[in-house]
There are 2 protein chains.
Amino acid sequence: MKSTTIVAAGQRVTDAGHRYSTGRQAVVRVLDGADRPLTTNEIAERGKKHGLVLSSVYRNLVVLESSGVVARVVGWDDSLRYELAEALTDHHHHHLVCVECGIVTDFEAPARLEKAMSQAVADVTSTMGFQVHNHRFDLEGICAKCRAAK
Amino acid sequence: MKSTTIVAAGQRVTDAGHRYSTGRQAVVRVLDGADRPLTTNEIAERGKKHGLVLSSVYRNLVVLESSGVVARVVGWDDSLRYELAEALTDHHHHHLVCVECGIVTDFEAPARLEKAMSQAVADVTSTMGFQVHNHRFDLEGICAKCRAAK
DNA sequence: TTTACTGCAAAGGGTTTGCAACATG
DNA sequence: CATGTTGCAAACCCTTTGCAGTAAA
């Protein structure tokens, strides 16, 4: 667990005019300690020892997202997943989405591909009037565990 | 509306061992007549004149998806969206996802980018034991309409 | 001390399901 | 005709919200 992350996150939250309560710190800690995006349930479960409750997880994620501390990750099923914002982790990555169990894991794309994607983003912005905030290059398929389970 | 699409879809449904009922045809017609992925509500709404009901839309989408006729499109909010499978339309494309209103629209990526993405897919398959079914290169941002509304 | 935040429980909204009637192959 | 499919309504589950008590600045 990187304490620098906890502090940097707090800076963003207070800058946005919110309090950096123990509950919010707990959410950040849980996400910082995870190696993949977590569902709201997983966050509440792992933060239970710090007194985290599901409804507060939901409310805190709203604040943390608008403060640029966490990012929503879209998976396959309809349950929401979150991870620390890349601005905090300095670790640009993409996702492998299992269409069987819904789990989302990380992977990095080659620099050459990132460059090509950036170019495409610029094109879309200029030709379609769509203001791009983020690109996602995600791969849908079957994870190793689900393949083995068949 | 391309009648060939309706027929080809029916072939896949019957090949998968299901009946090509009027309700399923209606779903295919609705999606074929749309220029973007539709939510379950939108499908039911547009198919109402053909006697489509929401619960049947849900049930039929399950069958149509497993038959390879429709594809689930993951947006921003939690409502599910569907479009005709690319195998039927011969039109590979990607999506612009508005994080404001949730609407999803289509765009095509340059061939050069598609090639780079295919390469990355091959790498992941061989190195991470993840069996890729589909890649998505989606752009999240604010659509022209939502920008204007501010 | 002021006011944002939390926990609890109840409400909300989209999705799924049981059952009897119906339509398809 | 045998059985897959539909409509309706109730059940479900995830997410949001009201309120009174608590903790942060």
Side-chain angles (χ1 to χ4, degrees), chain A residues 6-7 9-30 37-45 47-67 69-70 72-82 101-102, chain B residues 6-7 9-30 37-45 47-67 69-70 72-82 101-104:
Chain A
I6 311 297
V7 174
Q11 189 64 52
R12 285 169 178 259
V13 172
T14 54
D15 284 354
H18 301 289
R19 295 179 183 171
Y20 197 37
S21 63
T22 54
R24 286 169 191 169
Q25 289 181 41
V27 171
V28 173
R29 272 176 214 282
V30 166
L38 300 181
T39 64
T40 48
N41 263 314
E42 290 172 325
I43 296 170
E45 186 59 38
K48 190 173 290 177
K49 63 190 68 161
H50 302 299
L52 258 188
V53 163
L54 192 54
S55 66
S56 291
V57 168
Y58 278 106
R59 281 192 277 223
N60 285 333
L61 284 171
V62 171
V63 171
L64 293 172
E65 185 177 10
S66 70
S67 303
V69 172
V70 306
R72 185 189 304 199
V73 174
V74 175
W76 179 251
D77 47 31
D78 48 1
S79 50
L80 304 177
R81 289 160 196 273
Y82 288 86
C101 67
Chain B
I6 311 297
V7 174
Q11 189 64 51
R12 285 169 178 259
V13 172
T14 53
D15 284 354
H18 302 288
R19 294 180 183 169
Y20 198 37
S21 63
T22 54
R24 289 172 189 166
Q25 289 181 41
V27 171
V28 173
R29 272 175 215 282
V30 167
L38 300 181
T39 64
T40 48
N41 263 315
E42 290 172 325
I43 296 170
E45 185 59 37
K48 191 173 289 178
K49 65 191 67 162
H50 301 299
L52 257 188
V53 162
L54 192 54
S55 65
S56 291
V57 168
Y58 279 104
R59 282 191 277 223
N60 285 333
L61 284 170
V62 171
V63 170
L64 293 172
E65 186 177 10
S66 70
S67 304
V69 172
V70 306
R72 185 189 304 200
V73 175
V74 174
W76 179 253
D77 48 29
D78 48 0
S79 50
L80 304 176
R81 289 160 196 273
Y82 288 86
C101 67
I103 204 170
V104 178

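Order of the sequence lines fixes the chain letters, A, B, ..., with proteins taken first and strands second; residue numbering starts at 1 for each chain.
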Interatomic distance where CZ belongs to A:Arg24 and C1' belongs to D:dA23 [whole Å]
12 Å
Measure CD/B:Gln25 against C1'/D:dT5 and give the value in whole Å, please.
13 Å
For residues 47-59 of chain A, which residue pairs pass the salt bridge (Lys or Arg N to Asp or Glu O under 4.0 Å) check, not counting sequence neighbours?
A:Glu45-A:Lys48
What pairs with B:Thr40 under side chain to side chain donor-acceptor pair (under 3.5 Å), at least two apart in sequence or on another chain?
B:Tyr58
Rounded to whole Å, the CG-P distance (A:Leu52 to D:dA23) equals 15 Å
So, using side-chain contact (heavy atoms from CB on, under 4.5 Å) as the criterion, who are the partners of B:Val73 when residues are at least two apart?
B:Pro37, B:Arg81, B:Glu83, B:His95, B:Val104
Students often get this wrong, so: under 4.0 angstrom with heavy atoms, is B:Asn41 touching a base, only sugar-phosphate, or nothing?
nothing
Whole angstroms only, please: what is the CG-C1' distance between B:Leu80 and D:dC13?
14 Å
Tell me: CD of A:Glu45 to P of D:dC14, nearest whole Å?
13 Å
So if I define the base as every atom that isn't primed, P, OP1 or OP2, how would nucleotides 17-25 of chain C read as a B/S/- string at a heavy-atom cutoff under 4.0 Å?
BB----BBS
Are side-chain N/O atoms of B:Thr39 and B:Asn41 paired as donor and acceptor at under 3.5 Å?
no
Give every residue pair that meets the side chain to side chain donor-acceptor pair (under 3.5 Å) criterion with at least one member in residues 12-22 of chain A, sequence neighbours excluded.
A:Gln11-A:Asp15
Just the rounded figure in Å: distance from C1' of C:dG7 to NZ of A:Lys48.
14 Å
Rounded to the Å, how far apart are A:Asn60 CG and D:dA23 P?
15 Å
B:Arg24: what forms a side chain to side chain donor-acceptor pair (under 3.5 Å) with it, not counting sequence neighbours?
B:Asn60
Can you check the A:Asp77 CG to D:dC14 P distance for me, whole Å?
10 Å
